[in-house]
Amino acid sequence: MCGFVGIIDFKKNDNLKEVKYLNNLISYRGPDSEGYYFKRNKNFSISVGHKRLSILDISKRSDQPFKYKNFVLLFNGEIYNYLDIKKKLQDNGYIFETTSDTEVLIKSFDFWGISCVKYFNGIFAFVIYDENKNKVFFSRDFFGVKPLYISENQNNIIFASEARCVFQFSGFTKDINKNAISSYLRFGYIQSQQRIFNNLISLEKGSYLEIDIENFNLSKKVNFYKPFSKSISINENIKKNLKDLLVNSCEKRLVSDAPIGSFMSGGIDSTLLAAIVSKDLGKKIPYFTIVDKKISSSDDYNSRLVNSTLKNELNIYNIDDISKSINEIFCNIGSYFDEPFADISVIPSIFLSQVASNKVKVIITGDGADEIFGGYEKYDLILKRHNLFSKLPKKNILKKIINYYQKKFHNYNSQSLNKIFAHLSDNVNLLDEYNNYGLNSNIISPKFLIEQNNNNFQNSIQNFLKFEKNHYLLHDILFKLDRCTMSKSVEGREPYLDYQLNEYVENNLDQNSLINKKALKEIHKDYFKSIPYDYDSKKKGFAISHSHCFNDNNRNFINNLMSEKFLKSQDVFNYQEVSKLYKKNNKQFHDFKQLYVIVCFQMWWKKWM
C-alpha cells in the first residue's frame with residue numbers, strides 16, 4: 001500500500017519541488033521510503049513522487065517509481081495472484097530481480113499491454129508512463145478499493161492517491177461542485193465520480209484510461225474491463241462452492257512479508273473470516289475490536305464467544321475507556337478526510353487502525369460482505385413494503401393527498417412520510433429514499449438544491465446490491481476503509497471483495513438466499529455449531545453512538561463551527577434553520593445524526609476552504 005502524486009506540465013516546468021510538497025501531505029500512506037522521477041520532453045514535462053508502505057519484498061530494490069525498459073510505474077495496492085502471473089511471465093522468458101508484485105505488474109504491462117489488468121486479482125491503482133510513446137496509462141481495481149484522483153486543465157494534468165494532493169496543487173482552482181454538496185447532505189457522502197470540486201474526478205472502478213500526451217485530448221474515453229475468471233472446481237453444492245471461494249480469497253490475502261492482523265466486530269462477516277483463517281488456513285493472528293454498549297452488547301458477547309473456540313489474541317477496547325481518543329479523532333475529522341464525509345464509524349475505525357499499527361502492517365476486514373450477500377435488513381423491509389403498497393387500490397389518489405400536504409406544510413420534514421410517498425411512486429429508487437439522512441431542504445441554501453432523478457429503477461434485491469456496489473460500497477465503505485487504515489500506515493484487505501466470489505454469487509444465488517445474508521449464515525453455522533452465537537442481534541459493525549462526539553468536552557468546539565458568523569460566511573446553509581436544529585439539541589444532545597452531517601461538513605470547510 002502506498003501513495004503517489006504526478007504532474008504533467010505542458011509548459012515543461014520542473015515541478016519536483018511541488019510534487020515533494022504534495023507527496024508529503026500523504027506521507028502516512030508510505031512511511032518506509034520515497035522516490036521521485038522527472039523528465040522534460042519536447043512538448044511537456046512529467047514530475048512524479050511515490051511514498052511506499054513495504055508489504056511484499058520490503059527491500060529497497062522494490063521502491064518506486066519502478067522502472068523497467070521504457071516504462072515508469074507508480075503503484076498503490078496489492079496483486080494477490082502475482083505469483084501465478086509471475087509463473088506465466090517466466091514461462092515466456094521474463095527474469096525477475098525482486099520478489100514483489102510491483103515488478104510483476106510492470107512486466108505484465110510489457111507483455112500484455114494495458115490488457116494486463118484483466119489478469120489481476122487484487123486491489124490497485126496504478127499509473128504507467130511510456131517514455132518511448134509518450135503515453136500515460138491509468139487503471140483502478142474492479143471494486144474500486146484503491147483511489148485515484150485526476151484533474152486536468154490547459155496547462156497541466158495532475159493525478160494522486162488522495163484528493164488533497166490534487167486540490168492543494170498551485171494550479172488548481174477550488175470551485176465547489178453543487179451536485180457533490182447536494183449528494184453529501186442527502187447521504188453523508190458524495191455519491192458520484194464527480195467530487196467536491198469541479199474539475200476533480202476519481203477514476204471509475206474497474207477501468208483504465210490511456211492518454212497520448214503528445215496529442216492530448218481532454219475528453220479521453222474511460223474503458224471498462226472485466227477480469228478473466230480463473231477456472232475453479234464447481235459442483236452442485238452451492239454452500240461448498242461459496243466456502244471454497246472464501247477460503248481461497250482469504251489465503252491470497254494472507255500473503256505478506258509484513259505482520260497481519262484483523263478487525264473483528266463480532267458480526268457474522270468478520271467472525272466467519274476469523275474461523276476460516278484459524279481453522280482452514282491454520283493461521284494465528286491478532287484481532288482488534290471496539291465495543292459500545294450504548295449501541296449493542298451482543299458484539300462484545302459474540303466476539304468473546306467466537307474467540308473462546310478459535311483462541312486467538314483478541315484486543316477489545318471499550319468505547320467508554322477511550323473517550324479522550326474518541327474526542328481527538330472527532331475534532332480532527334477534517335484532517336483525516338479531504339472531502340465531506342459523515343459516516344460515524346470512521347471514529348472507531350481510525351482508533352483501531354492506530355492500535356493495530358503497533359503490531360501489524362496489514363489488516364483483514366469484513367467489508368463488502370453486505371453488498372455481495374445482501375446483509376442489510378432494509379432490503380427485506382423495502383421489498384415487503386413495496387409489495388404491500390403495490391397492491392393498494394386508488395394509489396394515485398393517496399399520492400396526490402400526500403403531495404398536497406407536503407407542499408402545504410413544506411417546512412415539515414418526515415422521513416417516514418417521504419418513504420411512504422416513494423412507495424406510492426412508480427419506478428423510484430426506494431433504496432435512495434431509505435438511505436437519505438432526511439435533512440429539511442430549507443436547511444440548505446437554494447443554490448445547492450439539486451433535483452434528484454430517482455426514476456426508472458426496478459426495485460429488487462439484485463438491483464439493490466448492484467446499486468450499493470456502485471455507490472455506497474464504493475464511495476462510503478471503501479473510501480472510509482482506505483482513509484482510516486492508511487492514515488495510520490496500515491493496509492486493509494477485504495476477502496469478500498474477490499471478483500470470482502462476486503461473480504459466483506451473482507450467477508448462482510437467488511433472491512431468497514440474498515435476503516438477510518442467508519447463504520453466508522449457513523456457512524457460518526457450520527463453524528460454530530458448538531456455541532450459542534447470537535444470530536438475532538441487529539447488525540452494528542463498528543458504529544458508535546453520536547453522543548460520544550456531542551458531549552460537554554466538545555461543546556465549545558461545535559459551537560464555533562455552528563456560529564452565525566461562520567455559517568453566514570459560507571453561504572451553504574440557511575442559518576436560521578440550522579440554528580433551530582442545533583438549539584433543539586444544544587439543551588440536551590439527543591438527536592445527532594442530522595446534526596453530525598452538518599458538523600462534519602463544517603470541519604471539512606474549516607480545514608480545506
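- With sequence neighbours excluded, the residues satisfying side chain to side chain donor-acceptor pair (under 3.5 Å) with Glu34 are Tyr36, Lys51.
- For Ser308, the side chain to side chain donor-acceptor pair (under 3.5 Å) test picks out no residue, with sequence neighbours left out.
- If you check the side chains of Lys480 and Ser345, you find a donor sitting under 3.5 Å from an acceptor.
- Between Asp498 and Arg493 there is no salt bridge, since none of the side-chain N atoms of the basic residue sits less than 4.0 Å from a carboxylate O of the acidic one.
- In this structure, Arg483 does not pair ionically with Glu339, as no charged nitrogen and carboxylate oxygen lie closer than 4.0 Å.
- Under the rule for a side chain to side chain donor-acceptor pair (under 3.5 Å), the partners of Glu313 that lie at least two apart in sequence or sit in another chain are Asn315, Lys359.
- Using a 3.5 Å distance cut-off with no hydrogens or angles, the side chains of Ser170 and Glu18 do pair a donor with an acceptor.
- Not a single side chain to side chain donor-acceptor pair (under 3.5 Å) links Ser357 to another residue, sequence neighbours left out.
- Ala369 meets the side-chain contact (heavy atoms from CB on, under 4.5 Å) test with Asp269, Tyr496, Leu520; sequence neighbours excluded.
- Listed by chain and residue number, Lys384, Ile515, Asn516 satisfy the side-chain contact (heavy atoms from CB on, under 4.5 Å) test with Asp380 (two or more places apart in sequence, or in another chain).
- Between the side chains of Asp292 and His548, at least one donor N or O sits under 3.5 Å from an acceptor N or O.
- Aromatic pair Tyr336/Phe341: ring centres not closer than 6.0 Å.
- With respect to the salt-bridge test (charged N to carboxylate O, under 4.0 angstrom), the residues Lys146 and Asp141 do not qualify.
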